[in-house]
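One structure is given below, encoded as structure tokens.
Because the structure is predicted, anything quoted here is derived from the model rather than measured.
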Amino acid sequence: EQIARLKSIFGYANYYLDKYDVARRAFNDAVKADPELPTSLIGRAMVHEQMGFMNAAMLDLDRVTEIDDQIGQPFAIRAAIHMRWGNMELAEGDLEHALQMDPDDEETRLALARLHALQRRTSPALEVLEHLVNNGTDPNIVGPGALLRSQVSLTLGSIDAALEDANHVIEIMPDKPWGYLQAAACHISGGIEGGAAIDLLKKAEDCVRSERDLPDHYSLRASAYENLGKQEKAAEYR
């Protein structure tokens with residue numbers, strides 16, 4: 001077991017250095033030394049997923065869940081593979097189980113919320129996102145979470161709530177365009193004075209090399225100018 005643990009540590013170190021071949025050999029040695037150690041199997045599954053060996057990863061993940069179904073991580077990784085394969089129901093079950101084991105797993109919480117949103121289940125999506133947006137600590141996950149909650153709120157017509165989350169995204173990620181774009185969409189959808197939306201879109205432009213990198217830029221500009229009564233400008237951006 002001690003040999004397996006040492007090999008696993010070496011495997012994880014190389015995994016995080018993107019040396020996947022070395023990591024894979026280390027995890028293989030670890031599994032040979034102790035076939036029942038979850039850490040080794042999870043590590044090898046992570047390497048296999050990165051290398052595109054999804055079936056091999058699934059074998060290790062299934063084995064881990066048989067050994068100990070109280071560890072959340074293998075369920076979360078398995079859910080990601082199920083989503084790649086389009087098995088959304090299986091992915092949802094694994095994500096929910098992973099979140100039960102670790103309610104503070106921010107990546108899993110965001111993944112489950114996205115899955116609910118894709119299935120147009122707005123209430124469950126908002127419920128899952130609440131803990132993440134209010135209590136999360138990783139800005140790279142909380143930011144997208146707040147952005148998703150803003151988008152869901154906007155589809156429900158909750159303009160104020162959507163705008164509050166969009167502004168939160170701007171606070172968390174001021175050098176990224178997404179919060180500014182979403183805030184502009186909130187202003188436009190709420191019929192708020194179009195000049196504010198134009199200002200926000202200009203800030204979004206400042207975050208990228210080209211406005212063509214912003215997929216919603218032209219349609220949002222057009223809508224903002226329509227709100228201002230500038231039909232020619234709106235037609236130009238259309």
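Residue pairs meeting the ring pair (Phe, Tyr, Trp, His ring centres under 6.0 Å) criterion with at least one member in residues 35-82, sequence neighbours excluded: Phe75-His97. Among residues at least two apart or in separate chains, there is no ring pair (Phe, Tyr, Trp, His ring centres under 6.0 Å) pair with a member in residues 109-155.
Both Val208 and Met173 are part of a single hydrophobic cluster, where members link through side-chain heavy atoms under 4.5 Å apart.
In Tyr218, the OH atom is crowded: over 12 heavy atoms of neighbouring residues, nucleotides or ligands sit closer than 6.0 Å. Residue-environment remark: CD1 (Ile3) stays at or below the threshold of 12 foreign heavy atoms within 6.0 Å. The 12-atom threshold is not exceeded at CD of Glu164, counting heavy atoms of other residues, nucleotides or ligands nearer than 6.0 Å.
Residues satisfying the salt bridge (charged side-chain N to carboxylate O under 4.0 Å, His left out) test with Glu205, not counting sequence neighbours, are Arg221. Asp21 meets the side-chain hydrogen bond (donor to acceptor under 3.5 Å, both in side chains) test with no other residue; sequence neighbours excluded.
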Criterion side chain to side chain donor-acceptor pair (under 3.5 Å) on Ser40 and Ser8, from CA distance to verdict: CA-CA 5 Å; Ser40 305; Ser8 290; 2.6 Å; yes

task: For Asp62 and Arg78, run salt bridge (Lys or Arg N to Asp or Glu O under 4.0 Å): C-alpha distance rounded to whole Å, both residues' side-chain angles, the deciding distance at 0.1 Å, then the answer.
output: CA-CA 8 Å; Asp62 289 344; Arg78 194 169 69 177; 2.8 Å; yes

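Other cluster members for Val128: Met83, Met88, Leu95, Leu99, Leu112, Leu115, joined by side-chain heavy-atom distances under 4.5 Å among Ile, Leu, Val, Met, Phe, Trp and Tyr. Grouped by direct or indirect side-chain proximity (heavy atoms under 4.5 Å, Ile/Leu/Val/Met/Phe/Trp/Tyr only), Tyr180 sits with Ile170, Leu200.
Considering CD of Glu107 and CD1 of Ile77, their distance stands at 10.0 Å, rounded to 0.5 Å.
Salt bridge annotation for Glu127-Arg121: absent, with no cationic side-chain nitrogen under 4.0 angstrom from a carboxylate oxygen.
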